[in-house]
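This structure is in structure tokens; I'll ask about it shortly.
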Amino acid sequence: MNYEQIIQLALERGFYFPSCEIYSDAHAGFWEYGPSGVSLKNKFIELWRRELVRRDRMWEIDGSQIMSENVFVASGHLASFADPIATCTKCKSIFRADKMIEEITSITVPESADLAEFDKVIEEKKIVCPKCKGSFEGIKKFNMMFKVGIGAQGESAYLRPETCQSIFVDFPRLFKTMRGKLPIGIAQIGKSFRNEISPRQSLLRLREFYQAEVEVFCNPAKLDDLPKFSEVENTQIRIMVDETIKSMTCKEALDSGLVPNKLVAYYLGLLVEFYQKTGIDVARSRFRKLGEKEKAFYATVAFDFEVETNTGWLELVACNYRSDYDLKSHGNTSKEKFEVMDDETKVLPHVFEISMGIDRSLYTMIEHRLREDKENDRVVLSLEPYLSPVHVGILSLVKKDGLAEKTDEVYMMLRKKYDTFLDHSGAIGRRYRRLDEVGAPFAVTIDHQTLEDNTVTIRNRDSMSQERIKISDLDSHLARATAFP
RNA sequence: GCGGAGUUAGUCCAGCCUGGUAGGACGUCAGCUUCCCAAGCUGAAGGUCGCGGGUUCAAUUCCCGCACUCCGCACCA
């Protein structure tokens, strides 16, 4: 199914829609989740907790979205999360100053250079707008962080551009109070904010978005000392090697040197096992090692986990080996001690990060699972039962003869434990179709026979087949069928 | 941010050229019918035509600005 069809489903079935849409001053890059979207998101997060946080005995925290200025002085975002931009006075086109200068003159001015240096080169080399030959106004820095004013004085603070800064800042306390031992993963789900120049394609590039991040703190001397690696050594991952994607086990990726150490290989394996269970087609995924120029300013080694969608390859997760960049820097700026003891030795931990984009993942789950069943004239969202916004529809075949009342009884019995949808009205086939579109894996139908022997039919979304079971067996049947793997 | 195309009911779209304040399909709701896969019949709700300004006796329609959406470019931890 293509992008337009996904959007249409999202709008019609309550997955997501534009924020503040009734007002004309609404800004681009902000979207809301409706009931179906929230239900799907919650289940995705629960799966993430199971497959990463609990499996690997991580700690999960929930930090503030607004953080103080010093956090971003230390993290480097204040200086580096900004691009030097040149604006044409005539056609108002905006260019990345460093890239434009390099293209035209082959002179490399570092991105972080003083702004006057850019101006100097532009003046000396008489650089004009590549589009309209207009002249440039002075170089400015465009920082992608949202600045906020705190209190009556409006003191500077920022909406976090990545959730992980909370984890770094909290690390000393957490390690002491939670009796930490390296390696330890600290996880967080939350919102991040980036003032993108051009947000696009609904959930794929947002200005306010959800991240699920894991920061693994480790002893850099022990990156290959990881017994639990055996759990994933035979897990298949797909990785780019010289422009082609190769499928191999984590062990092969490690042995061939494509992945630098066991710790990284272990988490790449966990990640793929997680995504397999989201229903995203991992046969259309790849890890791509980023080149020097593509990497974030804090990363020494970086792999993007990407999946193929109708809009092209889409980055779902950034896996960055951040070394001691963050802890060292926060240590220097705050004077807090970040060294910890590991086997009688004092070490400043290194960090390996798994930074997941939730919104993009949800989009991909829908795209990979939405199909048109032409034979039966329906659209089906074949989500895994444990991820479906609605677990089970509860329908009366007809309303009269006491069937509606009986249906209500069944609904009351199940509604607290499962995500249910009660529906009495309209043609039965139409109600089944509606449930198919929100991905409900089951539909229970109460018919006349129910009144006689307390059995109901339960319909399977994908096969459209039905079986008759006792009402008293419904709970155990559904519990089994909707359980997380 | 640039260029192009759009914005009319929950969704998809017609109407605009040739100004006189809106219509279809699907969907939704109610009733009838129907004991199992978008059937049928009857009825109903739902739109200040993206926002602001201009021209005009009169603007959904013409003009301008802005916002948003999509596509391309640029950007993208």
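Below, read A as the first sequence line, B as the second, and so on, with proteins coming before strands; counting in each chain starts at 1.
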Original post:
Can you check whether Tyr432(A) has a side-chain N or O nearer than 4.0 Å to OP1 or OP2 of A38(B)?
Top reply: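 No, Tyr432(A) has no side-chain N/O under 4.0 Å of OP1/OP2 on A38(B).
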
Original post:
How does each nucleotide of nucleotides 24-32 of chain B score, in 5' to 3' order, for protein heavy atoms under 4.0 Å: base (B), sugar-phosphate only (S), or none (-)?
Top reply: ---SS-SS-

Subject >> Spacing between Leu11(A) atom CG and C13(B) atom P, to the nearest angstrom >> reply: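 So the CG-P distance, Leu11(A) to C13(B), works out to 12 Å.
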
**OP:** Hey, can you tell me if Tyr33(A) and Tyr210(A) have their rings parallel, tilted or perpendicular (30° and 60° cut-offs)?
**Re:**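 Rings of Tyr33(A) and Tyr210(A): tilted, 30 to 60°.
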
**OP:** Give Glu162(A) one of three labels, base, sugar-phosphate or nothing, depending on what nucleic acid heavy atoms sit under 4.0 Å from its own.
**Re:**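 No contact.
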
**OP:** Rounded off to whole Å, could you give me the OH-to-P distance for the Tyr3(A) and C71(B) pair?
**Re:**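 Spelled out: OH on Tyr3(A) to P on C71(B) is 6 Å.
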
Original post:
Taking RNA chain B as the partner, which of residues 199-218 of chain A come within under 4.0 angstrom of it by heavy atom?
Top reply: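 Result for residues 199-218 of chain A: Arg200(A), Gln201(A), Ser202(A), Arg205(A), Phe209(A), sorted by number.
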
Subject >> Proximity to the side chain of Ile197(A) - top-ranked nucleotide from C75(B), A38(B), C37(B) >> reply: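 Closest nucleotide to the Ile197(A) side chain: C75(B).
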
**OP:** Take Tyr158(A) and Asn143(A) through the test side chain to side chain donor-acceptor pair (under 3.5 Å) and record every step on the way to the result.
**Re:** CA-CA 11 Å; Tyr158(A) 295 88; Asn143(A) 195 299; over 6 Å; no

Subject >> d(CG, Leu397(A); C1', C36(B)) in whole Å >> reply: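 Interatomic distance, CG of Leu397(A) to C1' of C36(B): 6 Å.
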
Original post:
What is the distance from CG of Leu395(A) to P of A38(B), rounded to the nearest Å?
Top reply: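 Rounded to whole Å, this separation is 14 Å.
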
Original post:
Listed by chain and number, what are the side-chain contact (heavy atoms from CB on, under 4.5 Å) partners of Leu451(A), not counting sequence neighbours?
Top reply: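 Partners of Leu451(A) by the side-chain contact (heavy atoms from CB on, under 4.5 Å) criterion, ordered by chain and then number, come out as Leu403(A), Lys406(A).
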
